[in-house]
2 protein chains.
Amino acid sequence: MNLEISPQGVIAGSIPLFAGHPARDLLPLDGIQAAIDAIWQDESVTRLFNYGDEQGNPELIDFLVERLRRDEGLEIGRENLMIIGGSTWGVDMISDQLTRAGDVLLVDAPSYRDALHIFRDHRLELRDVPIDDGGIVIAELERTLRELEVEGRAPKFYYVVPNFQNPSGITMPEERRMAVIELSRRYGFVIVEDDVYCDIRFGDQLPPSFYALARGENVLRLGTFSKTLAPGLRIGWLVGAADRIADFVGSGLLTMGGGANPFTAAIVAQYCRSGAWEAHLRWLREQYRARRDIALGALDSVMPASVTYTRPRGGYFIWLGLPPSLRVDDLAAAASERNVYFAPGAGFFADPADGLHHLRLSFSFLPLEDLRAGIEVLGDLIRQMSR
Amino acid sequence: MNLEISPQGVIAGSIPLFAGHPARDLLPLDGIQAAIDAIWQDESVTRLFNYGDEQGNPELIDFLVERLRRDEGLEIGRENLMIIGGSTWGVDMISDQLTRAGDVLLVDAPSYRDALHIFRDHRLELRDVPIDDGGIVIAELERTLRELEVEGRAPKFYYVVPNFQNPSGITMPEERRMAVIELSRRYGFVIVEDDVYCDIRFGDQLPPSFYALARGENVLRLGTFSKTLAPGLRIGWLVGAADRIADFVGSGLLTMGGGANPFTAAIVAQYCRSGAWEAHLRWLREQYRARRDIALGALDSVMPASVTYTRPRGGYFIWLGLPPSLRVDDLAAAASERNVYFAPGAGFFADPADGLHHLRLSFSFLPLEDLRAGIEVLGDLIRQMSR
């Protein structure tokens, strides 16, 4: 995605269907400003500009622990949670601390492109396992684990976006999660659950998290405010067993830097504790749901039957499969001539060749009319090109 | 340093001479607030809360490039600089990208404790080289490099705080820097110059940076706003050859997270471009200089001749050597009974045994009366204990 997004948000005239950003009008700037104003009234404001606690803003830790206990029944205390600079920080930190160059990880096929990028930067070997509409295919996961065992190797962790997966939009049901946990115990790997979209659900309750189902054993669960508040604040959290959290909190990264983003973490803490976040979430789900409906409506009306696509119940993304005769690169080239851009499938696979007939659309960012228009252009092109 | 610093800044009644933080009254909160207010007037404020450019806030990059060109005559363009989340982020990112577990690094003896911690987290092997009052001893560095050559190994980089070193307060003169650069070329290692204190100089011009002297070749230079503005904003910068900066900017860490701390980087950019930073720096140097003078005055009046200490011309720290008969752990234990705490030498050495008779004092954080009182307690104890 080499396209620059201008300060106004979108390159004039173009339709970036790839952009997995919150739309500008979904960022609660007034609420953030109110939180900053409130912080400034507090006599302890000065501490927010110095080095902070290694574990992160204490009020935000308490808020999140209480919320997870209340809403999900998680049996956690503050020793199980730390603040991080967005889930990116978590993925990088976990890679640093749990792996060495050459280690093997398990990832979905497809999986989240930028996380794969971080894993590759750490020179980790990616073993990918196909997913179906319930997420990772257990028989294939078992086969991969047995293969690795024969090679005398054990994966360090399985990286998964369990809810409204990026890029597919798929949510893994409870029994599938339990089967993964079962295998993680048998084969001794950690589950890294990058649960960034759980708060953007449009209907039903979600299955319990891996963390909940495994009672916290060998699961690290990431959360973020980037999708539900504002990415530019760079605040997320990590939940895990107390000894693992203590290891992370005691790392050089946290000791030297003094905890994740003390000032913006305080803004988020103030915002959340005022009740603004829950109210914003209710509104936000409606907004994203309307966008999802428009995207699916447009797809339903313009796509030929040879095109498959997911129907996500939350999150930001829809995953399209093209007919075998149509390569996604050809579609991308044709679409770019009409100023429409999307995320081609190749980037989401450990082996890019697996993504030659897939693409990801995001419904989070674009103005509604552009979202519809962009999909209509793709429909046109696919009809023309698959003739 | 397991002591918690309370929201009020200092544990009631205790004197934490270890704290390498800016003092509370040296943080320009009014200026930061004015910068936030100004940002909010800008119609493009929304973009600061979304994902940002991977390279960092463009206005801040331009400001820093222009300043380095003007003040230091560096021949750099914006392709040579990126924004990072404090120099911590830089040390961690450089370790990730330039090394693998088991690689060798060169460090000073003593060197900055928290950076050593990050290197250990990356499972790097630390070869330390003694310093004298001009920094690393070249003959010792050469000897270490020859030893490594015999072992068939080459260090990946030399980590150095070139100005007002943490913990010693020492600044390396130009000829010594040139000798290091000469050796870096012969033996093929990178120089990582963590130049966090250069703007807190009390008098003379500083020697040209390693980056300047080597004309940017194989040098990565870190800078930060943590010492001269506010650590809690978590903003620093990295200067390097264009291809190296492009590698960092193109990493998964930056791609996934969308650049370092977009909102706080914008605050810093606004603050700097208003001229407030330069004015603050002039004032800040006076403040820290007065603190240094009080600390040295107290040391001069209370320390027996058997105690050595550095006389830094900038930065935050003074490094003390105790008489051979006095172990720093014994002094620490006695001092803690009088509520005085300092940073024992062991943490600053690759081999902790090398630090048994040294300690670091910080003059940056404490109220002046506490600074003086703390040093007087240490003087008392050292006199008693070295009898």
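Numbered from 1 within each chain, the chains take letters A, B, ... in sequence-line order.
Listed here is the closest heavy atom pair of B/Gly232 and A/Pro262: O-CD, 3.5 Å.
Top candidate by heavy-atom pairs under 4.5 Å with chain A, chosen from B/Leu29, B/Leu254, B/Leu116, B/Val91, is B/Leu29. Interface remark: of the candidates B/Asp121, B/Thr46, B/Asn50, B/Asn50 forms the most heavy-atom pairs closer than 4.5 Å to chain A. Each of A/Gly102, A/Pro231, A/Ala260 has some count of heavy-atom pairs under 4.5 Å with chain B, and the biggest count is that of A/Pro231. Between chain A and the options B/Asp114, B/Thr255, B/Ile118, heavy-atom pairs under 4.5 Å are most frequent for B/Asp114. Considering only heavy-atom pairs separated by less than 4.5 Å from chain A, the leading option among B/Ala266, B/Gly259, B/Ser251 is B/Ser251. When each of A/Ala101, A/Pro22, A/Gly52 is checked for heavy-atom pairs under 4.5 Å with chain B, A/Pro22 comes out on top.
In this structure, the portion of A/Ile36 lying under 4.5 Å from any heavy atom of chain B is its side chain and not its backbone. Using a 4.5 Å cut-off between heavy atoms, A/Phe119 makes no contact with chain B at all. In this structure, chain B has a heavy atom under 4.5 Å from the side chain of A/Leu27, while its backbone stays farther away. Neither the backbone nor the side chain of B/Arg120 comes within less than 4.5 Å of any heavy atom in chain A. Contacts between B/Ser87 and chain A at a heavy-atom distance below 4.5 Å involve backbone atoms as well as side-chain atoms. Neither the backbone nor the side chain of B/Ile235 comes within contact range of chain A; no heavy atom of the residue lies under 4.5 Å from a heavy atom of that chain.
For the pair A/Tyr112 and B/Met256, the minimum side-chain heavy-atom distance is below 4.5 Å. A/Tyr51 has its side chain out of reach of B/Thr88: every pair of non-hydrogen atoms, C-beta onward, lies at least 4.5 Å apart. Under the 4.5 Å side-chain criterion, counting only non-hydrogen atoms from C-beta, A/Asn261 is not in contact with B/Thr264.
Interatomic distance, B/Phe49 CZ to A/Leu233 CG, rounded to the nearest 0.5 Å: 6.0 Å. Between the CD atom in A/Gln97 and the CZ atom in B/Arg123 there is a gap of 7.5 Å [rounded to 0.5 Å]. Atom CD1 of residue A/Ile267 and atom CZ of residue B/Phe263 lie 4.5 Å apart, to the nearest 0.5 angstrom.
Residue pairs meeting the salt bridge (Lys or Arg N to Asp or Glu O under 4.0 Å) criterion with at least one partner in residues 92-104 of chain B, sequence neighbours excluded, are B/Asp103-B/Lys156.
Checked by atom type and distance alone, the side chain of A/His117 pairs as donor or acceptor with a backbone atom of B/Gly250 at under 3.5 Å.
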